[in-house]
Amino acid sequence: MTKHSGNPPQDVDSEEKQQGGEIELDEENLPSQAMATHELIRHEGEKELERDVWALLWSAIAAGLSMSASLLAKGIFHAELGHFSGSLLIESIGYTFGFVIVIMAHQQLFTENTITPVLSVMQKPTINNLLLLLRLWVVVLLGNLIGTAIAAWTFGYMPIFDPAITQAFHDIGMKVMENSPIQMFAKAIVSGWIVATMVWMLPSAGNAKFFVILFMTWLIAVADTTHIVVGTIEILYLVFTGALPWQEFIWPFAVPTLLGNICGGTFIFALLSHAQIRMDRQKDDSVSVEHQAKR
C-alpha cells in the first residue's frame with residue numbers, strides 16, 4: 001500500500017507535546033467530569049487536525065453521500081404519511097438516518113468539526129493550530145459538498161423513485177427555501193448548537209450512543225432548523241431538477257446557514273464549554289501549587 005507523497009501536516013501545538021506527555025484522559029486525575037469530557041474530545045480533535053488531507057477528503061465525501069439517507073428517509077415518510085396532525089413528528093425520524101450512519105461510521109461531518117478540533121485551538125491558539133483548523137474545515141466542507149452534490153444529482157436524474165417520492169423531495173427543499181437569509185442564519189445557529197451538544201454528550205453515552213444521536217438530530221428536524229450538509233442535498237436537488245437557479249443555493253441558503261452552524265457550534269457552545277474548563281484547570285493548578293508549598 002503506497003503512501004501519499006504530499007507533505008504531512010504539522011503536529012498540533014499543545015502543552016502536553018511540549019512537555020513530552022499526552023492529554024490526561026483519566027477522570028480520577030481530573031478536577032471534574034466536564035473536564036474529562038473536554039479532554040477526551042480535545043484528544044480526538046488533535047487526531048483529526050493531524051490527519052492526512054486525502055483521508056479527510058474521502059471520509060468527508062463518504063459522509064456527504066451518507067447524509068443523503070436523511071432526505072431519502074424523510075421523503076419516503078413524507079410521501080407515505082401525507083398530512084395529518086402530528087405527521088411532522090414521525091416524518092422527522094427520517095431526518096436522523098444520515099446522522100446515525102455518518103457518526104456511527106466515524107465519517108467526517110462538517111458540523112461535528114465546529115467543536116471537536118476547535119477545543120485544541122482554544123487551548124493553545126497558535127498560528128499553526130489555526131491553520132490546521134482552517135485546513136480541516138475547508139477539506140471536510142468541500143468533501144461534504146461533493147458527496148451531497150453526487151447524491152442530489154442521483155436523486156434527480158436516476159430513475160429510482162416514483163413520482164410521489166420525488167414530489168416529496170421537491171416539497172422538502174421548497175420548505176427550506178421559504179426562509180429568509182436571516183431565518184436561515186438564526187435557525188442554523190440552533191442546529192449547530194444542538195450538534196455540538198450531541199458531540200459533547202457522546203463520550204459519556206455508552207450503549208445509549210445510538211439514542212443520543214437519534215433524539216438530538218430528531219430535534220433538529222422537529223424544530224425546523226437549517227443544516228449546511230442536509231440542506232445542501234435538499235437544495236441541490238431543486239437546482240439539478242431545474243426548480244431553482246444556482247445562485248439561490250449560494251444565497252439565501254448556503255452562506256447564512258454555514259455561518260450560523262459555525263456560530264452555534266464554535267462561538268457559542270465550544271467557547272462556553274471551554275470557559276468552564278479553564279476555571280477548573282486554574283483551580284486545579286492553584287490546589288497543586290498549595291499542595292506542593294505545604295510539602
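We use all heavy atoms of the structure for the numbers below, so side chains are in, but hydrogens, waters and symmetry mates are not. Since we're looking at a predicted model, the values are computed, not measured. In what follows, residues are counted from 1 in the order of the sequence shown.
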Can you confirm whether [X] sits close enough to [Y] that some side-chain heavy atom of one is under 4.5 Å from a side-chain heavy atom of the other?
{"X": "L145", "Y": "F110", "value": "no"}
{"X": "E46", "Y": "S14", "value": "yes"}
{"X": "W58", "Y": "I61", "value": "yes"}
{"X": "W137", "Y": "L258", "value": "no"}
{"X": "L71", "Y": "V230", "value": "no"}
{"X": "V255", "Y": "F185", "value": "no"}
{"X": "Y95", "Y": "I220", "value": "yes"}
{"X": "F99", "Y": "M67", "value": "yes"}

Going from [atom1] on [X] to [atom2] on [Y], what distance comes out if it is rounded to the nearest 0.5 angstrom?
{"X": "I23", "Y": "E44", "atom1": "CD1", "atom2": "CD", "result": "9.5 Å"}
{"X": "L141", "Y": "L136", "atom1": "CG", "atom2": "CG", "result": "10.5 Å"}
{"X": "R42", "Y": "Q123", "atom1": "CZ", "atom2": "CD", "result": "4.0 Å"}
{"X": "I250", "Y": "F253", "atom1": "CD1", "atom2": "CZ", "result": "10.0 Å"}
{"X": "L49", "Y": "L132", "atom1": "CG", "atom2": "CG", "result": "5.5 Å"}
{"X": "I93", "Y": "F77", "atom1": "CD1", "atom2": "CZ", "result": "6.5 Å"}

Is it the case that one hydrophobic cluster holds both [X] and [Y], taking links as side-chain heavy atoms less than 4.5 Å apart, direct or via other members?
{"X": "I160", "Y": "I172", "result": "yes"}
{"X": "V138", "Y": "L259", "result": "no"}
{"X": "M184", "Y": "I182", "result": "no"}
{"X": "L134", "Y": "V118", "result": "no"}

What heavy-atom pair brings [X] and [Y] nearest, and what distance separates the two atoms?
{"X": "P256", "Y": "P252", "result": "CG-O, 3.3 Å"}
{"X": "R135", "Y": "D52", "result": "NH1-C, 4.2 Å"}
{"X": "V121", "Y": "L130", "result": "CG1-CD2, 3.4 Å"}
{"X": "P117", "Y": "E112", "result": "CD-O, 4.5 Å"}
{"X": "F97", "Y": "A73", "result": "CD2-CB, 3.6 Å"}
{"X": "S70", "Y": "G98", "result": "OG-N, 3.1 Å"}

Is there a donor-acceptor contact under 3.5 Å from the side chain of [X] to the main chain of [Y]?
{"X": "T225", "Y": "A188", "answer": "no"}
{"X": "S66", "Y": "A62", "answer": "yes"}
{"X": "T116", "Y": "N113", "answer": "no"}
{"X": "D162", "Y": "I165", "answer": "yes"}

Under 6.0 Å between the ring centres of H83 and H78? yes
All N/O donor-acceptor pairs, side-chain side in residues 192-214, below 3.5 Å, sequence neighbours left out:
residue : atom : partner : partner atom : Å
T197    : OG1  : W193    : O            : 2.8
S204    : OG   : M201    : O            : 3.2

Heavy-atom count check: over 12 atoms from other residues, nucleotides or ligands less than 6.0 Å from Q167 CD? yes
A quick test of your reading: do over 12 heavy atoms of other residues, nucleotides or ligands sit less than 6.0 Å from CG of L89? yes
With K187 via side chain to side chain donor-acceptor pair (under 3.5 Å) - residues at least two apart: N179, D224
For N129, what residues pass the side chain to side chain donor-acceptor pair (under 3.5 Å) criterion, not counting sequence neighbours? none
Under the criterion side-chain contact (heavy atoms from CB on, under 4.5 Å), I'd like the reasoning laid out for M35 against E39: C-alpha separation, chi angles, the key distance, then a yes or no. CA-CA 6 Å; M35 187 167 181; E39 296 299 81; 4.2 Å; yes
Qualifying residues under side chain to side chain contact (heavy atoms under 4.5 Å, CB included), relative to S92, sequence neighbours excluded: L88, W218, A221, V222
Selection residues 244-267 - residue pairs positive for side-chain hydrogen bond (donor to acceptor under 3.5 Å, both in side chains), sequence neighbours left out: S191-N261
Intermediate values then yes/no, side-chain hydrogen bond (donor to acceptor under 3.5 Å, both in side chains), T111 and H227: CA-CA 8 Å; T111 45; H227 186 275; 2.9 Å; yes
My understanding is that only one of I235, T232, L65, I228 makes a side chain to side chain contact (heavy atoms under 4.5 Å, CB included) with T148; could you say which? T232
Regarding Q108 and E48, is there a side-chain donor-to-acceptor distance under 3.5 Å anywhere? yes
What pairs with F169 under ring-ring contact (aromatic ring centres under 6.0 Å, His included), at least two apart in sequence or on another chain? F155, F161, Y237
